[in-house]
Number of protein chains: 2
Amino acid sequence: MKKKREWAAYVRRVTPYVPGEQPNETDMIKLNTNENPYPPSPSVFEVHRNMDVTDFSLYPELSAGSLTRSLANYHGISDREVFVGVGSDDVLSLAFLTFFNSEKPILFPDITYSFYPVWADVYRISYECMPLRDDFTIEADDYQRENGGIVIANPNAPTSIGMPALEIEKVIRANPGVVVIIDEAYVDFGGETVLPLIKQYDNLLVVRTYSKSRSLAGMRIGYAMGSEGLIQALNDVKESINSYTMNTASIRIGIASLGDEDYFQSTLQKVMDTRKRTKSALEQMGFDVKDSQTNFLFASHRTVAAEEIFEQLKRRHIYVRYFAKERIKDYLRITVGTEVQMDRFLQAVREIIGTF
Amino acid sequence: MKKKREWAAYVRRVTPYVPGEQPNETDMIKLNTNENPYPPSPSVFEVHRNMDVTDFSLYPELSAGSLTRSLANYHGISDREVFVGVGSDDVLSLAFLTFFNSEKPILFPDITYSFYPVWADVYRISYECMPLRDDFTIEADDYQRENGGIVIANPNAPTSIGMPALEIEKVIRANPGVVVIIDEAYVDFGGETVLPLIKQYDNLLVVRTYSKSRSLAGMRIGYAMGSEGLIQALNDVKESINSYTMNTASIRIGIASLGDEDYFQSTLQKVMDTRKRTKSALEQMGFDVKDSQTNFLFASHRTVAAEEIFEQLKRRHIYVRYFAKERIKDYLRITVGTEVQMDRFLQAVREIIGTF
């Protein structure tokens, strides 16, 4: 009798982002979502242990104030230049909603973080993709045309390639009338940050995450840094959606992680050392491997199809990422794990390649 | 030389929500944001203590699957009828974005949760406010006109008054072409839920929170229940914004809280007993106090101005909520605390009233 789903006419139509698989096998080697293979800092363990669970009955601190101040202090900027969110995805999507309200299209590379077109779609923002050069580097001159905003991941994903800060500055300088977002999710693994430029350019927003370099993907902490005007605009929109996004545990753990710089640096170094060794080993097996400034490698074998290697690795419970997408369908994105994990990975690849 | 803030033309203009103060004094009595005065369940403490912090280096479970399943099981529905978010504010704002895309105005009461008009503004949704009756109850017949969606808090805030489920059903039945959201943030404190009606009406979305009845405001857990179609639509939009919103700690703590029904019920009972006693005491002092089905009281003194009492309480470090808003500017919203807290509160009010 009743018509079904009459309300469906007014539902927002979207094509959701498809995240990497989250398999859960005890013997698996998970190299598909760019997590850090090392645990969080011992100071995170300590803060967790000493946390007073009674506090969970109260709302968290407004604007995650103590975490914001710790981040400002860590980066040597003002707390009015820092905005904290539930992972960098929260920060980035909110920045799209806040800053990209022009009729002109926003610009980003054709090969980059695949959430950018998804956010543009959900918020009805038009966009144009600028093709990477043949070597997968970004051409700064492409970002001089009229636009409603720009977002560039640096280093870029899934290519792993960094763009020099001076090249990025050209893009920022040429676009004072719009906000330029530089997504530095992977910058700690050897990229060149443009953070110092926020003092010079009030249209530059630099976005970071705890998920990769700080081994805290599970606690969902990301942040943005930029001029006070940008941060105020982000805060206003955020306060119009959800006053309390960061929970008490993530605020305290986020602060703790910043206090242990030695552990942070030594973990980064371990990942970068393993990356170097893994790259060489893959090259010896006939892979073309991009110079990575991230915690993953982007590699294509001269003769064996990437999808084939991907599937055969999966059968061995080794998970890497494969994108069935034009231009990059011959590549695998391989997160850098521990030495032991990469040995097992390399051995498996050797066997798979050997059968062809 | 450089023009300042040229990008500001494309910033989304909003009027942010103003949350209750979050004072932080050791001797304070905080009765202003409807938190639960009792700690979370002992099972929450235990899960926190036994949590493996190493897991924080991995992304949380996709779609907070285990929490979704636990909630489905707890409420006796399918996990495809449950959606979890970062507090009910996250769930509600996402529901506005997902379901309210008609050109027609959405409807909600003139006196209600003050975030509703804020979400409507940020997402450019037009709205009309239906006046409460003089006794602050909601008139179901007001929600029969043409509209693009309906949201009703039941029990309502800040009035504390519940609407009978049969009255709400009239609203749902009359509006099959739009989504009707019933915000049951406070329903555990004696309200009538419409949850059973989700099986009958595919346009009904029921929203709940852990912040009040489960003493977990600090961990930001809210959820929605509705037909599979509604939940799928919410998930699609959510996956277009942020794949991982619930962090690992909140997922595990959310599950733990559900496992301890005895503690939950006894805490609710304590709050309701204290509410009854406090209401009588206030009435004896000359207050008109609404019949509350929530964890707060809405009270107006016959002779002394609410704002005056509010300010004088504040000087004694006792915080209640005052809204400088037409129709309710003579009222205070007072969260029900512990017996000891309410004794101190009542004593302070007695002294303040006595000076007039």
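In this text the structure is predicted, and so the values were computed from the model without any measurement. Note on naming: letters A, B, ... go to the chains in the order of the sequence lines (proteins, then strands), and numbering restarts at 1 for each one.
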For this session: Identify which part of B:N203 has an atom lying under 4.5 Å from any heavy atom of chain A, answering side chain, backbone, both or neither.
Result: both

For this session: Over all heavy atoms of both residues, which pair between B:W119 and A:S240 is shortest? Give the atoms and the distance, please.
Result: CD1-O, 3.0 Å

Exercise. Do the side-chain N and O atoms of B:N175 and A:W7 include a donor-acceptor pair separated by under 3.5 angstrom?
Worked result: no

Seminar exercise, completed: If one checks every heavy atom of A:S93 against chain B at 4.5 Å, the contacting part turns out to be side chain

Exercise. Can you name the closest pair of heavy atoms from B:R220 and A:N247 and give their distance?
Worked result: CG-CB, 3.7 Å

Problem set entry | Heavy-atom closest contact (A:Y59 atom, B:T33 atom, distance) | CE1-O, 3.4 Å

Problem set entry | For the student: nearest non-hydrogen atoms of B:D90 and A:N242, plus distance | CB-ND2, 3.4 Å

Exercise. Which atoms of B:I253 come close to chain A, meaning under 4.5 Å heavy atom to heavy atom: side chain ones, backbone ones, both, or neither?
Worked result: side chain

Seminar exercise, completed: Turns out that what part of A:F115 lies under 4.5 Å from chain B's heavy atoms comes down to side chain

Problem set entry | Residue that, paired with B:V53, satisfies side-chain contact (heavy atoms from CB on, under 4.5 Å) out of A:M219, A:R49, A:H48 | A:H48

For this session: Under 4.5 Å heavy-atom distance to chain B, tell me which part of A:V122 shows up: side chain, backbone, both or neither.
Result: side chain

Seminar exercise, completed: Of all heavy-atom pairs linking A:A217 and B:P60, the shortest is O-CD, 3.6 Å

Problem set entry | Part of A:I221 within contact of chain B (heavy atom distance under 4.5 Å) | neither

Exercise. CD of B:E228: more than 12 outside heavy atoms within 6.0 angstrom?
Worked result: yes

Problem set entry | Criterion side-chain hydrogen bond (donor to acceptor under 3.5 Å, both in side chains) against A:R12, the qualifying member of B:N101, B:D236, B:T98 | B:N101

Exercise. Do the side chains of B:E35 and A:S57 get nearer than 4.5 Å, heavy atoms only?
Worked result: no

Exercise. Can you say whether A:S227 sits under 4.5 Å from chain B via the side chain, the backbone, both, or neither, judging by heavy atoms?
Worked result: side chain

Problem set entry | Residue part contacting chain B, namely of A:Y210, when any heavy atom lies under 4.5 Å | neither

Exercise. Under a 4.5 Å heavy-atom cut-off, does chain B meet the side chain of A:Y123, its backbone, both or neither?
Worked result: side chain

Problem set entry | Residue part contacting chain B, namely of A:K238, when any heavy atom lies under 4.5 Å | neither

Seminar exercise, completed: Taking every heavy atom of B:A233 against every heavy atom of A:V11, the minimum-distance pair comes out as CB-CG1, 3.8 Å

Exercise. A:L230 versus chain B, heavy atoms under 4.5 Å apart: side chain, backbone, both or neither?
Worked result: both

